[in-house]
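Reviewing the structure listed below.
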Amino acid sequence: MIITLKDGSKKEYDHAMTVLEIAQDISEGLARAACAGELNGEVADLRTPVEQDCQLNILTFDSEGGAGAFRHTASHIMAQAIKRIWPDVKLAIGPSIADGFYYDIDSPRPIVAEDLEKIEAEMKKIVKEALPITRFTKSREDAIAYFKEKDEPYKVELIEDLPEDSEISFYQQGEFVDLCAGPHLMSTKPVKAFKLTSLAGAYWRGSEKNKMLTRIYGTAFTKKADLEAYITRMEEAKKRDHRKLGRELGLFMMREEGPGFPFFLPKGMVLKNTLLDYWREIHRKAGYVEISTPIMLSRHLWETSGHWDHYKENMYTTVIDEQDFAIKPMNCPGGILVYQSEPRSYRDLPLRMGELGLVHRHEKSGQLHGLMRVRCFTQDDAHIFMMPEQIRDEIKGVAKLIDEVYQLFGFKYHVELSTRPEDSMGSDEDWEMATDALRGALDDLGLDYVVNEGDGAFYGPKIDFHLEDSIGRTWQCGTIQLDFQLPLRFNCEYIGADGEKHRPIMIHRVAFGSIERFIGILIEHYAGAFPTWLAPVQVKVLPISEKYMDYGEKVLAALNEAGIRAEIDTKAEKIGYKIREARLQKIPYMLIVGAKEEEEGLVSVRSRFLGDEGQKDLHVFINSIKEEIESRISRKVEVQE
């Protein structure tokens, strides 16, 4: 058999080999680092026998699949430790996740944060025991009997949901046996750098109708230094939590009366509107027109678009005049009605229509999270209608616009191209033409990208932009999706140069994504210390005492007249207190005014960037800050006081 490796090189064997044996044949170092394999594109256990020609990639911790296998093993070590400490605990599920792992358990006694240290200590013993991990299988009937005997009802329920002819796989380490599809490491020994991070409640199988279980989260790395760096990053993330800062800075609030429906407070509205003003400016320059479509439309529209059949459980519906209506979860069907409002010619195309549309989607209460996961949000949508030969240039235009946005906020990003999924609509020719156009646009722009085979939308391929914030977390925000299906479903047309009717192709795209979510990301990215152009309050005037309040008011009036967002601190407090308050509110500039300043028409400037900047003429200060605001620059230096 011939094994084709990731670099294109080939290995030939005359007998079956496991993934691990092939790794050992390549290099002992690679075998030691191996966590799993990727066999013909599918993640495979190191124990998997390879018996015929295939493509094989050995996965180390540096890959998503390798880290997943490593952390999945850590979740089993945690479950084994829990069962050793509290044998009567019932186990549910314990997968690896993006940055770690968790296990859901049903415990007769409450598990509290203080217990995590005890579990970690037992996990260390299991790692030190270097228990070999073995895999075996049972029939469905035997597997059910096995877990009934072990009194593990959640495992029994999982197996009962599988087809009758299923072969059920198990993994064993020492006395601990778990139902699992894998993959796992070969032993418990490598999992030395781990940390249990938090506890949460989780309904069994995600349903509020089921019992609430205890979910224990943790993370694991191959090196202690990487674990410590991760913990430091998480501590930094806690300080930057947008929910905490949103409350402290008076930006937004969430209330029981509207779970998942954010309230923007006055300062939050300034921030939001400043972002929207920027959005309108760059779209106007890029040749977009802005539209607004109704928040609620009739059922037949959503049936035509396919949302009624495929998305209804996430939609809010009502009845008006005995007809079904739905609040829009997406803006695109309304945009299509605008396109159809008048006859279109090839001379009208490309037609770029932007919409800051408020959409509503029903999210489960357990999934709501500040501004990051809400039930109503503003999408900075745009829908571009075009001819096939215009696709490449339009994609390039959108990618440049998204790049401009992310560069402004200092985000690094990477790009992913997702191709045709198995469950898709449209002809092979359409898909090939569209995918080639997306790939060609990215190549023309010189953008590096990863191809996600088969991960496109059912109606067309897409490009996703994953941005990286100031502490290294990634967020998927911008997206460009090609769509042949909605123009077909709605029978959209334009008259071509040949005088015949043709069907346009449609791009769906967002730059911010959800404005609310993007604001949450910005709060955490900047830790609430926004650049001056974006700050809700740009300048705080601080009179040294009541005696200089009149001069302070004159300074405030001059700032307001110049269009600078400013406030004055009128509290009867010492100047040191006022400075501390303004710093806690993360205001970019403080203008301190007293006798000398009033006498000479000056202001003493303190900034978040350089600390004490000395006395300046008020008009000189106003001109410099206006220039900073208008250019939307971010001053990088932050003074530590």
Checklist entry - Within a reach of under 6.0 Å around CD of Glu546, are more than 12 heavy atoms found that belong to other residues, nucleotides or ligands? => result no
Checklist entry - For Arg632, what residues pass the salt bridge (Lys or Arg N to Asp or Glu O under 4.0 Å) criterion, not counting sequence neighbours? => result Glu281
Next on the checklist: Looking at His466, is its backbone amide N or carbonyl O close enough to the side chain of Gln476 to form a donor-acceptor pair, meaning the two atoms are under 3.5 Å apart?
Outcome noted: no
Item to check | Arg352 bridged to Glu394 by N-O distance under 4.0 Å | outcome: yes
Checklist entry - Less than 4.5 Å apart, any side-chain heavy atom of Phe512 and any of Leu522? => result no
Checklist entry - Can we say Lys224 and Asp226 salt-bridge, meaning some charged N sits less than 4.0 Å from an Asp/Glu carboxylate O? => result no
Next on the checklist: I'd like to know if the side chain of Ser75 and the backbone of Gly94 have a donor-acceptor N/O pair within less than 3.5 Å.
Outcome noted: yes
Item to check | ring pair (Phe, Tyr, Trp, His ring centres under 6.0 Å) partners for His242, two or more places apart | outcome: Phe252, His369
Checklist entry - Got a donor-acceptor contact below 3.5 angstrom from the Asn314 side chain to the His362 backbone? => result yes
Return a table of donor-acceptor pairs under 3.5 angstrom between the side chains of residues 253-276 and protein atoms on other chains or two or more places apart.
from, atom 1, to, atom 2, distance (Å)
Arg255, NE, Glu257, OE1, 3.4
Arg255, NH2, Glu257, OE2, 3.4
Lys272, NZ, Glu516, OE2, 3.1
Asn273, ND2, Met269, O, 3.3
Thr274, OG1, Val270, O, 2.6

Checklist entry - Once you round to the nearest 0.5 Å, how far does OG of Ser545 lie from CD of Glu573? => result 13.0 Å
Item to check | Check: Tyr103 ring centroid to Tyr217 ring centroid under 6.0 Å | outcome: no
Checklist entry - With Lys412, which residues qualify under salt bridge (Lys or Arg N to Asp or Glu O under 4.0 Å), at least two apart? => result none
Next on the checklist: Working to the nearest 0.5 angstrom, can you tell me the gap between Tyr278 OH and Trp533 CH2?
Outcome noted: 6.5 Å
Item to check | Heavy-atom check, side chain of Leu251 versus side chain of Leu245, under 4.5 Å | outcome: no
Checklist entry - Does Arg606 use its side chain to pair, donor to acceptor, with the backbone of Leu591 at less than 3.5 Å? => result no
Item to check | Straight-line distance of Thr293 OG1 to Ile291 CD1, nearest 0.5 Å | outcome: 6.0 Å
Next on the checklist: Parallel, tilted or perpendicular, judged at 30° and 60°: which one describes the rings of Tyr526 and Phe530?
Outcome noted: perpendicular
Next on the checklist: Please report the interatomic distance OH(Tyr406) to OH(Tyr413), rounded to the nearest 0.5 Å.
Outcome noted: 9.0 Å
Checklist entry - Is the side chain of His525 donor-acceptor paired with the backbone N or O of Ile521 at a distance under 3.5 Å, no angle test? => result no
Checklist entry - Who pairs with Lys547 by salt bridge (Lys or Arg N to Asp or Glu O under 4.0 Å), at least two apart in sequence or on another chain? => result none
Item to check | Non-neighbouring partners of Glu355 that pass salt bridge (Lys or Arg N to Asp or Glu O under 4.0 Å), sequence neighbours left out | outcome: Lys328
Checklist entry - Any donor-acceptor pair under 3.5 Å linking the side chain of Glu597 with the backbone of Lys616? => result no
Item to check | Salt-bridge contact Lys118-Glu122 (side-chain N to carboxylate O under 4.0 Å) | outcome: no
Checklist outcome for this item: The side-chain contact (heavy atoms from CB on, under 4.5 Å) partners of Glu236 (sequence neighbours excluded) come to Lys239, Arg240, Ile471
Checklist entry - Ser607 and Glu613: side-chain hydrogen bond (donor to acceptor under 3.5 Å, both in side chains), yes or no, with the steps? => result CA-CA 7 Å; Ser607 77; Glu613 294 192 19; 2.6 Å; yes
Checklist outcome for this item: Residues Phe61 and Ala67: closest non-hydrogen pair is O-CB, 3.5 Å
Next on the checklist: According to side-chain contact (heavy atoms from CB on, under 4.5 Å), who are the partners of Asp99, at least two apart in sequence or on a separate chain?
Outcome noted: Tyr230
Item to check | Lys396 NZ: over 12 foreign heavy atoms closer than 6.0 Å | outcome: yes
Checklist outcome for this item: Applied to residues 522-545, the salt bridge (Lys or Arg N to Asp or Glu O under 4.0 Å) test, sequence neighbours excluded, yields Arg473-Glu524, Lys540-Glu567
Checklist entry - Going from CZ on Phe221 to CG on Leu227, what distance comes out if it is rounded to the nearest 0.5 angstrom? => result 6.5 Å
Checklist entry - Is there side-chain contact between Tyr203 and Leu213, with heavy atoms separated by less than 4.5 Å? => result no
Next on the checklist: According to side-chain contact (heavy atoms from CB on, under 4.5 Å), who are the partners of Gln407, at least two apart in sequence or on a separate chain?
Outcome noted: Asp403
Could you list the donor-acceptor pairs under 3.5 angstrom formed by side chains in residues 554-562, with sequence neighbours left out?
from, atom 1, to, atom 2, distance (Å)
Asn560, ND2, Leu556, O, 3.4

Next on the checklist: Run Tyr589 and Phe621 through ring pair (Phe, Tyr, Trp, His ring centres under 6.0 Å) and show every step you take.
Outcome noted: CA-CA 10 Å; Tyr589 290 95; Phe621 171 77; 5.4 Å; yes
Next on the checklist: Can a donor-acceptor pair be found, under 3.5 Å and without considering hydrogens, that links the side chain of Arg509 to the backbone of Asp380?
Outcome noted: yes
Next on the checklist: Quick check against the 3.5 Å criterion: does Glu290 have a side-chain atom that pairs as donor or acceptor with the backbone of Met353?
Outcome noted: no
Checklist outcome for this item: Smallest heavy-atom separation, Val593 atom then Tyr548 atom, equals O-CB, 4.0 Å
Checklist outcome for this item: For residues 360-374, the salt bridge (Lys or Arg N to Asp or Glu O under 4.0 Å) pairs (sequence neighbours left out) are Glu363-Arg373
Next on the checklist: Using a 3.5 Å distance criterion without hydrogens, assess whether the side chain of Asn210 forms a donor-acceptor pair with backbone atoms of Trp204.
Outcome noted: yes
